[in-house]
Amino acid sequence: MRRITTAALIAPLGLALVAPAAIASPAAAPTAQAAVSAAPAVAAHQGTRSLATVLAADGIRFDHNQWDYDILDAAVTAVLTAKPNSKVALLADGKVALTAFLPNDLAFKRLYTSLIGRWPRSESQTFSGLAGKLGVKNIEKVLLYHVVPGATIDAATALKADGVRLKTALGKTVTVDVVRGRHIRLIDKDPSAVNASVIVPNINKGNRQIAHGISRVLRPVDL
């Protein structure tokens with residue numbers, strides 16, 4: 001799968017779905033979900049290309065490029081094959097607004113090493129090893145933890161949301177951590193793990209479904 005880049009995928013449209021004032025501070029509200037979901041949609045985010053379409057643009061093909069999303073694509077396909085009614089199917093409905101955080105192949109290799117204790121030889125081994133270790137049910141939970149339904153949150157909006165907790169499709173929250181006003185990190189439920197960083201912002205911008213490539217797999221529990 002070729003590397004997904006902002007140059008290849010981002011339409012030069014609009015900056016934010018939510019005005020900065022619409023995102024509550026941590027002291028004002030426990031999560032930003034209600035404020036983000038209630039915000040009116042604007043023309044900048046009216047496209048209906050789904051994130052599943054973006055991920056599957058060149059098919060599932062494991063390769064040697066650790067910066068793209070082959071393992072994630074395979075995980076989504078495996079879950080939907082086993083559970084067609086899973087909430088993961090939201091990624092295939094471009095009419096549904098959502099924000100997704102996409103771990104690249106290197107992120108999944110890091111997770112494999114953390115769980116299994118050695119560095120994988122290939123993307124194929126990474127996927128099969130994690131699938132065997134976690135099972136489809138837990139893979140589904142991990143994927144849902146990377147999806148914030150009902151909100152199209154681009155990078156400009158996220159940079160104004162330091163400390164905000166976003167409610168995911170799994171029901172658990174992930175916290176936005178803005179470093180020095182320009183670097184976005186995500187704090188998950190594993191306090192001992194390295195936090196994920198946004199490294200490819202605004203994938204599929206201009207559409208109701210937007211994504212941000214991240215450096216680590218978000219963990220919904222303390223591993």
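It should be emphasised that the depicted structure is a prediction, and the values quoted were computed from it without experimental measurement.
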Please test Gln209 against Arg49 for side-chain hydrogen bond (donor to acceptor under 3.5 Å, both in side chains), starting from the C-alpha separation and ending with a verdict. CA-CA 7 Å; Gln209 297 193 347; Arg49 178 173 57 179; over 6 Å; no
Taking [Y] as the starting point, is it possible to reach [X] by hopping between hydrophobic residues whose side chains are less than 4.5 Å apart?
{"X": "Leu111", "Y": "Val136", "result": "yes"}
{"X": "Leu80", "Y": "Ile71", "result": "yes"}
{"X": "Val174", "Y": "Ile203", "result": "yes"}
{"X": "Tyr145", "Y": "Val194", "result": "no"}
{"X": "Leu72", "Y": "Ile199", "result": "yes"}

With sequence neighbours excluded, what pairs up with Lys83 under the side chain to side chain donor-acceptor pair (under 3.5 Å) test?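 Lys83: side chain to side chain donor-acceptor pair (under 3.5 Å) contacts with Glu140.
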Locate the shortest heavy-atom distance separating [X] from [Y]; write the atom from each residue and the value.
{"X": "Pro149", "Y": "Leu98", "result": "CA-CB, 3.9 Å"}
{"X": "Ala92", "Y": "Ala52", "result": "CA-CB, 3.7 Å"}
{"X": "Ala100", "Y": "Leu51", "result": "CB-CD1, 3.6 Å"}

Which of these, Ile184, Val176, Val179, Asp177, sits in a side-chain contact (heavy atoms from CB on, under 4.5 Å) with Asp162?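 Between Asp162 and the candidates, side-chain contact (heavy atoms from CB on, under 4.5 Å) is satisfied uniquely by Asp177.
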The single option from Thr53, Val147, Val96 passing side-chain contact (heavy atoms from CB on, under 4.5 Å) against Leu91: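 Passing option: Val147.
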Val79 vs Thr81, test: side chain to side chain contact (heavy atoms under 4.5 Å, CB included). Steps then yes/no. CA-CA 5 Å; Val79 169; Thr81 298; over 6 Å; no
May I have the step-by-step check of side chain to side chain contact (heavy atoms under 4.5 Å, CB included) for Leu55 and Leu102, ending in yes or no? CA-CA 10 Å; Leu55 286 173; Leu102 309 182; 4.2 Å; yes
May I ask you to test the [X]-[Y] pair for a side-chain heavy-atom distance under 4.5 Å?
{"X": "Val54", "Y": "Tyr69", "result": "no"}
{"X": "Leu186", "Y": "Thr175", "result": "no"}
{"X": "His146", "Y": "Thr168", "result": "no"}
{"X": "Leu130", "Y": "Leu115", "result": "yes"}
{"X": "Lys133", "Y": "Tyr112", "result": "no"}

Under 3.5 Å, is there a donor-acceptor pair between the side chain of [X] and the main chain of [Y]?
{"X": "Asp93", "Y": "Leu90", "value": "no"}
{"X": "Asn104", "Y": "Ala107", "value": "yes"}
{"X": "Ser86", "Y": "Ala89", "value": "no"}
{"X": "Thr152", "Y": "Ala97", "value": "no"}

I'd like to know whether Lys141 forms a side chain to side chain contact (heavy atoms under 4.5 Å, CB included) with Leu144, so could you lay out the CA-CA distance, the side-chain angles of the two residues, the decisive distance to 0.1 Å, and finally the verdict. CA-CA 5 Å; Lys141 289 181 179 179; Leu144 292 176; 5.9 Å; no
Go through it in stages, so that I can follow the logic: the residues are Lys189 and Thr173, the test is side-chain hydrogen bond (donor to acceptor under 3.5 Å, both in side chains), and I'd like the CA-CA distance, side-chain angles, deciding distance and then a yes or no. CA-CA 8 Å; Lys189 297 301 182 183; Thr173 61; 3.2 Å; yes
Would you be so kind as to tabulate the donor-acceptor pairs closer than 3.5 Å made by side chains of residues 211-223, with sequence neighbours excluded?
| unit_1 | atom_1 | unit_2 | atom_2 | d |
| --- | --- | --- | --- | --- |
| His212 | ND1 | Asn202 | N | 3.0 |
| His212 | NE2 | Ile153 | O | 2.8 |
| Ser215 | OG | Ser197 | N | 3.0 |
| Arg219 | NH1 | Asp190 | OD2 | 3.3 |
| Arg219 | NH2 | Ser114 | OG | 3.0 |

So Phe127 and Asp105, side chain to side chain contact (heavy atoms under 4.5 Å, CB included) or not? Walk me through it. CA-CA 9 Å; Phe127 174 70; Asp105 294 336; over 6 Å; no
